[in-house]
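For reference, the structure discussed in these notes is given below.
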Amino acid sequence: MIQKAQFVISNSNPGNCPKPDRAEVAFIGRSNVGKSSLINMLTEKKDLAKTSQKPGKTQLINHFMINDRWYLVDLPGYGFAKVNVKVKQGWESMISTYLTKRENLCGVFVLIDSRLEPQKIDLEFLLWCGTEGVPAAIVFTKADKQSNTKTDQNIRKFLKKTQEIFEEIPDYFVTSAENGQGKDELTRFIEELVQEYESGEII
Ligand SMILES: Nc1nc2c(ncn2[C@@H]2O[C@H](COP(=O)(O)OP(=O)(O)OP(=O)(O)O)[C@@H](O)[C@H]2O)c(=O)[nH]1
Ligand SMILES: [Mg+2]
């Protein structure tokens, strides 16, 4: 259960992130998919992470301290066409450096819009995680926006595609920042990752 959540720091340089002295999980995905909203939903703090109807709101690596115990990280989105090439390359190298070099990172949640058919950019990103050894799980967002039948259809299609990339289907969660769907299940899963990380450290 998340009882306490505080903003710690924003960085453009992954090297300036807080000391990696505790477990950390991060949210990534296309711009506007709902990363920041999901953080607010999980922590029950509606303005903890900044959200916007316009894509490209989160531009830095944002660390939040949860229960004085682990870090939750909000990242900028990928696939945002409206920023210029230089900015885009800057973000991409910031994100890829963070994801591949952050030593205390025990889970990366790739957010996928449950309203959409499988998108090439998301599948490519998951493939990149696989080849780089980034420990990825999937979170489908915005499940409140259409019928359960439609959500299930899109999820099935997406998982079929991911199965073609990975041999197994990755862990996945179905969520809504609007009505709290998936909150307990996702929180429990993250807490398990944190516990595993901590018990691994002692050995
Ligand atoms: N109905 C509904 N709207 C959502 C949900 N999650 C996010 N939104 C809306 O989607 C828009 C984008 O949400 P953000 O949380 O800012 O998205 P983000 O992925 O952090 O976007 P960037 O920081 O730009 O990469 C906002 O208008 C949110 O209110 C959801 O589960 N349901
Ligand atoms: Mg954001």
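Note that ligands are numbered from 1 as they come in the structure, with each ligand's atoms numbered from 1 the same way.
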Applying a 4.0 Å heavy-atom criterion (strictly less than), which segment of Met41 is in contact with ligand 1: side chain, backbone, both, or neither?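 Under 4.0 Å from ligand 1, Met41 contributes no heavy atoms.
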Ligand 1-proximal atoms of Ser36, by part, heavy-atom distance under 4.0 Å: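 Within the 4.0 Å criterion, Ser36 contacts ligand 1 through backbone and side-chain atoms alike.
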Partner residues of Asn148 under the side-chain hydrogen bond (donor to acceptor under 3.5 Å, both in side chains) criterion, sequence neighbours left out: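 Per chain and number, Asn148 pairs via side-chain hydrogen bond (donor to acceptor under 3.5 Å, both in side chains) with no residue.
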Nearest-neighbour protein heavy atom for [atom], which is reported as residue plus atom name and distance:
atom: atom 23 (O) of ligand 1; answer: Thr58 OG1, 2.7 Å
atom: atom 3 (N) of ligand 1; answer: Lys145 CE, 3.8 Å
atom: atom 31 (O) of ligand 1; answer: Ala177 N, 2.7 Å
atom: atom 7 (C) of ligand 1; answer: Ser37 OG, 3.3 Å

State the count of protein N/O/S atoms located less than 2.8 Å away from the Mg ion (ligand 2).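 Number of qualifying protein atoms: 2.
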Cation-pi check, Arg22 to Tyr71: give yes when NZ or CZ is under 6.0 Å from the six-membered ring centre and within 45° of the ring axis, no otherwise.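 Yes.
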Does the side chain of Asn62 pick up a donor-acceptor pair with the side chain of Ser10 at under 3.5 Å?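 Yes, a side-chain donor-acceptor pair sits under 3.5 Å.
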Hydrogens and angles aside, do Ser37 and Glu178 bring a side-chain donor and acceptor to less than 3.5 Å of each other?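 Not at all, the side chains of Ser37 and Glu178 share no donor-acceptor pair under 3.5 Å.
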Quick one: do Ser36 and Thr58 satisfy side chain to side chain donor-acceptor pair (under 3.5 Å)? Show the steps, please. CA-CA 8 Å; Ser36 303; Thr58 310; 3.0 Å; yes
Do the non-hydrogen side-chain atoms of [X] and [Y] ever get within less than 4.5 Å of each other?
X: Phe189; Y: Thr187; answer: no
X: Arg30; Y: Asp122; answer: yes
X: Trp70; Y: Glu24; answer: no
X: Leu186; Y: Leu38; answer: yes
X: Arg102; Y: Pro20; answer: yes

Could you check which of [options] puts a non-hydrogen atom nearest to [atom]?
atom: atom 12 (C) of ligand 1; options: Ser176, Gly34, Pro76, Ser52; answer: Ser52
atom: atom 9 (C) of ligand 1; options: Gln146, Lys142, Glu178, Gln53; answer: Lys142
atom: atom 30 (C) of ligand 1; options: Asp74, Asn32, Val33, Asp144; answer: Asp144

Would you say [X] and ligand 1 have an N/O pair spaced under 3.5 Å apart?
X: Lys57; result: yes
X: Ala143; result: no
X: Lys35; result: yes
X: Pro55; result: no

Determine, for Arg188 against Glu192, whether the closest basic-nitrogen to carboxylate-oxygen distance falls under 4.0 angstrom.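 Judged by the 4.0 Å cut-off on N to carboxylate O distance, Arg188 and Glu192 do not form a salt bridge.
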Proximal ligand 1 atoms for Gly56, defined as those under 4.0 Å from one of its heavy atoms: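 Here the atoms of ligand 1 in question are 24 (O).
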Could you list which atoms of ligand 1 come closer than 4.0 Å to a heavy atom of Gly77?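 Atoms satisfying the 4.0 Å criterion: 25 (O).
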Taking every non-hydrogen atom, the tightest pair across Leu111 and Lys35: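 For Leu111 versus Lys35, the nearest heavy atoms are CD2-CA, 3.4 Å.
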Checking ring-ring contact (aromatic ring centres under 6.0 Å, His included) for the pair Phe125/Tyr78: CA distance, chi angles, key distance, verdict? CA-CA 9 Å; Phe125 183 77; Tyr78 52 76; 4.6 Å; yes
